[in-house]
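Below, chains carry the letters A, B, ... as their sequence lines are ordered, and counting in each starts from 1.
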Amino acid sequence: MLKPLGDRIVIELVETEEKTASGIVLPDSAKEKPQEGKVVAVGTGRVLESGERVALEVSVDDRIIFSKYAGTEVKYEGKEYLILRENDILAILG
Amino acid sequence: MLKPLGDRIVIELVETEEKTASGIVLPDSAKEKPQEGKVVAVGTGRVLESGERVALEVSVDDRIIFSKYAGTEVKYEGKEYLILRENDILAILG
Amino acid sequence: MLKPLGDRIVIELVETEEKTASGIVLPDSAKEKPQEGKVVAVGTGRVLESGERVALEVSVDDRIIFSKYAGTEVKYEGKEYLILRENDILAILG
Amino acid sequence: MLKPLGDRIVIELVETEEKTASGIVLPDSAKEKPQEGKVVAVGTGRVLESGERVALEVSVDDRIIFSKYAGTEVKYEGKEYLILRENDILAILG
Amino acid sequence: MLKPLGDRIVIELVETEEKTASGIVLPDSAKEKPQEGKVVAVGTGRVLESGERVALEVSVDDRIIFSKYAGTEVKYEGKEYLILRENDILAILG
Amino acid sequence: MLKPLGDRIVIELVETEEKTASGIVLPDSAKEKPQEGKVVAVGTGRVLESGERVALEVSVDDRIIFSKYAGTEVKYEGKEYLILRENDILAILG
Amino acid sequence: MLKPLGDRIVIELVETEEKTASGIVLPDSAKEKPQEGKVVAVGTGRVLESGERVALEVSVDDRIIFSKYAGTEVKYEGKEYLILRENDILAILG
């Protein structure tokens with residue numbers, strides 16, 4: 001198991017073909033394009049200067065979209081993951 | 001549905017023709033030019049170092065203007081959206 | 001109506017001819033030069049990390065001078081405005 | 001009247017000839033050189049993240065020295081001023 | 001013994017061959033690639049502006065993955081170590 | 001008199017010949033080299049975000065060493081001074 | 001005596017030959033390499049925004065390793081020292 005630290009999140013990439021289940025299709029323009037993923041593990045949250053720890057807004061199994069160039073790739077027990085910070089996540093697909 | 005995180009906001013672009021309903025027309029000068037949009041979803045707000053979460057100032061259905069190069073384009077269930085941070089929003093058209 | 005967010009302010013430019021009502025004339029030197037404007041709308045103020053919101057120091061109808069290259073131009077219902085942050089304002093002409 | 005905002009200060013330049021009343025003479029070396037001025041108006045002070053406003057350390061009529069390239073020139077009702085931030089002021093001449 | 005300061009951590013590198021015990025294999029793409037290590041000593045934690053010290057999330061003997069170019073190499077009593085900051089650690093392998 | 005603001009300090013340079021009273025001799029290497037000075041005036045201290053003002057650690061007449069390229073030169077009533085921030089001071093010679 | 005300010009520390013360099021008492025040997029790779037020193041004086045600690053002063057984690061006579069390019073060289077009463085900030089110290093050799 002991968003236990004991400006702080007505000008980090010482990011996701012599996014969801015291949016965004018022309019037509020995915022959730023229906024995300026990336027437009028073809030010059031702007032930065034997001035990617036889709038599924039959350040497999042979440043950290044304990046960011047610690048504020050007040051000492052409070054802020055729980056993450058995403059949960060395991062959430063489908064999310066995130067900034068394309070964000071994160072670090074990891075292969076663990078034969079599967080590929082991406083480790084992001086919560087700030088790289090744009091929205092949850094609900 | 002797209003649920004934006006933190007201080008993020010999902011908008012639909014409003015095409016700013018010569019004469020739109022709200023009457024925004026962009027001047028033709030060298031300064032940065034804003035664009036018009038309609039809010040379709042808002043995040044839960046930014047968390048301060050004190051632990052307090054600040055609700056966003058914009059609400060669903062608000063017409064807003066925002067910094068032109070801000071945000072990330074997303075196509076979801078066949079429609080195009082833009083995901084911004086509240087800080088990219090200049091004003092609400094009221 | 002344009003409702004600026006946070007610490008933003010909407011102004012109308014005041015053309016600074018050789019002799020304006022308030023008497024601002026820009027000196028001709030190499031230093032950054034300010035411009036004059038009239039406040040038409042103010043935001044709700046900046047939120048501090050303590051959660052407190054700080055009301056703006058300027059009010060509607062104040063004549064102000066601001067940093068020349070600051071702000072974003074907007075044309076709304078046929079009139080031109082500039083949206084600034086309070087920090088771009090140097091002084092109120094009183 | 002010019003009412004500076006926040007931690008800003010309006011000064012009149014004091015020409016630093018070879019021998020001024022206060023006796024400031026700039027040395028001729030490669031280091032950054034300060035200039036002399038007289039305070040004509042002070043802002044309400046900087047707001048801390050705690051919400052407290054810190055009154056400025058300088059008062060109207062103080063003679064000050066400040067960083068040479070700091071500030072913005074303004075001509076108002078025929079006279080020239082410079083608008084600085086308190087942080088640009090090095091010392092009060094007392 | 002090496003006693004790291006603050007939020008620093010001392011690790012031993014774990015050679016990530018084709019097949020390691022924990023099964024980490026680095027993918028061959030253009031993205032930044034993490035490395036695997038074993039924690040041998042942890043600091044007392046980061047001090048917040050509130051004065052509180054935040055204990056580290058990792059413990060001695062944890063297997064971790066970390067950002068590839070992070071840290072400082074040290075050879076101590078004949079063995080090689082790497083000193084990281086907790087922020088360089090992506091996840092604990094559990 | 002020069003009254004420095006905030007965390008600023010006015011010093012007189014102490015010429016560091018081969019053998020000074022306090023015995024500071026600068027080594028001839030490629031690293032940044034400090035200089036020696038005597039404190040002639042200190043500011044009221046830095047204001048923290050909590051509103052508290054932190055008194056300076058140096059006092060008038062302290063001999064100090066400071067970062068070589070720090071500060072602003074001032075000639076006042078015929079004497080040369082340097083205005084530093086407390087952060088530029090490395091140590092007090094005691 | 002050298003009394004370092006704030007979070008500064010005065011150390012004597014420990015020459016890291018092939019075999020030192022503490023056994024530090026620097027590996028020959030492309031990564032940043034640390035150096036060894038002995039603490040001879042410590043500052044009063046860093047002041048937090050809350051007003052609290054955080055005592056340093058190192059004490060006089062501690063053997064430490066620190067980032068190679070950190071610090072300022074000083075020769076005082078015929079001996080050479082290095083003045084560091086606590087943040088430049090990687091670990092205490094215990």
Side-chain angles (χ1 to χ4, degrees), chain C residues 6-9 11 14 16-39 42-59 61-71 84-94, chain D residues 1-16 32-56 58-60 64-89:
Chain C
D7 62 347
R8 285 189 178 84
I9 287 153
I11 65 165
V14 173
T16 49
E17 317 141 48
E18 280 311 306
K19 273 204 163 91
T20 68
S22 61
I24 281 279
V25 182
L26 302 180
D28 28 34
S29 82
K31 287 224 181 179
E32 179 198 341
K33 291 164 189 170
Q35 277 191 296
E36 188 175 341
K38 198 182 118 213
V39 177
V42 299
T44 52
R46 183 167 63 99
V47 177
L48 303 176
E49 289 300 328
S50 62
E52 196 180 324
R53 195 176 281 270
V54 187
L56 299 183
E57 281 194 73
V58 296
S59 311
D61 288 335
D62 280 352
R63 300 284 278 228
I64 58 152
I65 53 176
F66 61 94
S67 306
K68 193 176 189 179
Y69 300 107
L84 303 170
R85 289 177 169 274
E86 193 182 39
N87 197 34
D88 298 320
I89 299 180
L90 299 167
I92 301 170
L93 307 175
Chain D
M1 210 185 77
L2 286 167
K3 268 179 54 184
L5 293 202
D7 62 346
R8 285 188 178 84
I9 287 152
V10 182
I11 65 166
E12 290 172 353
L13 268 181
V14 173
E15 291 307 322
T16 49
E32 179 197 341
K33 290 165 189 169
Q35 278 191 294
E36 188 175 340
K38 196 181 121 216
V39 177
V40 299
V42 298
T44 52
R46 184 167 62 100
V47 177
L48 303 175
E49 289 300 329
S50 62
E52 196 179 323
R53 195 176 282 270
V54 187
L56 298 183
V58 297
S59 310
V60 170
I64 57 153
I65 52 176
F66 61 95
S67 306
K68 193 177 190 177
Y69 300 107
T72 306
E73 296 177 354
V74 178
K75 202 179 241 181
Y76 180 65
E77 296 179 344
K79 289 182 73 173
E80 281 188 30
Y81 300 98
L82 200 62
I83 302 182
L84 302 170
R85 289 178 169 275
E86 193 182 39
N87 198 34
D88 299 320
I89 299 179

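- Of the two parts of E49(C), the backbone and the side chain both hold a non-hydrogen atom closer than 4.5 Å to a non-hydrogen atom of chain D.
- Residues I65(C) and T72(D) have side chains not in contact (no heavy-atom distance under 4.5 Å, counting atoms from C-beta outward).
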Would you tabulate the side-chain donor-acceptor contacts of residues 86-94 of chain C under 3.5 Å, counting partners in other chains and residues two or more places apart, or write 'none'?
| from | atom 1 | to | atom 2 | distance (Å) |
| --- | --- | --- | --- | --- |
| E86(C) | OE2 | E57(C) | N | 2.5 |
| N87(C) | OD1 | R85(D) | NH2 | 2.6 |
| D88(C) | OD2 | R85(C) | N | 3.1 |

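- Counting only heavy atoms from C-beta outward, the side chains of R53(D) and V54(C) approach each other to under 4.5 Å.
- Closest heavy-atom contact between G51(D) and E52(C): CA-OE1, 3.3 Å.
- The contact between L5(D) and chain C is made by backbone and side chain atoms together, counting heavy-atom distances below 4.5 Å.
- Pairing each heavy atom of V47(D) with each of L48(C), the nearest pair is CG1-CD1, 4.0 Å.
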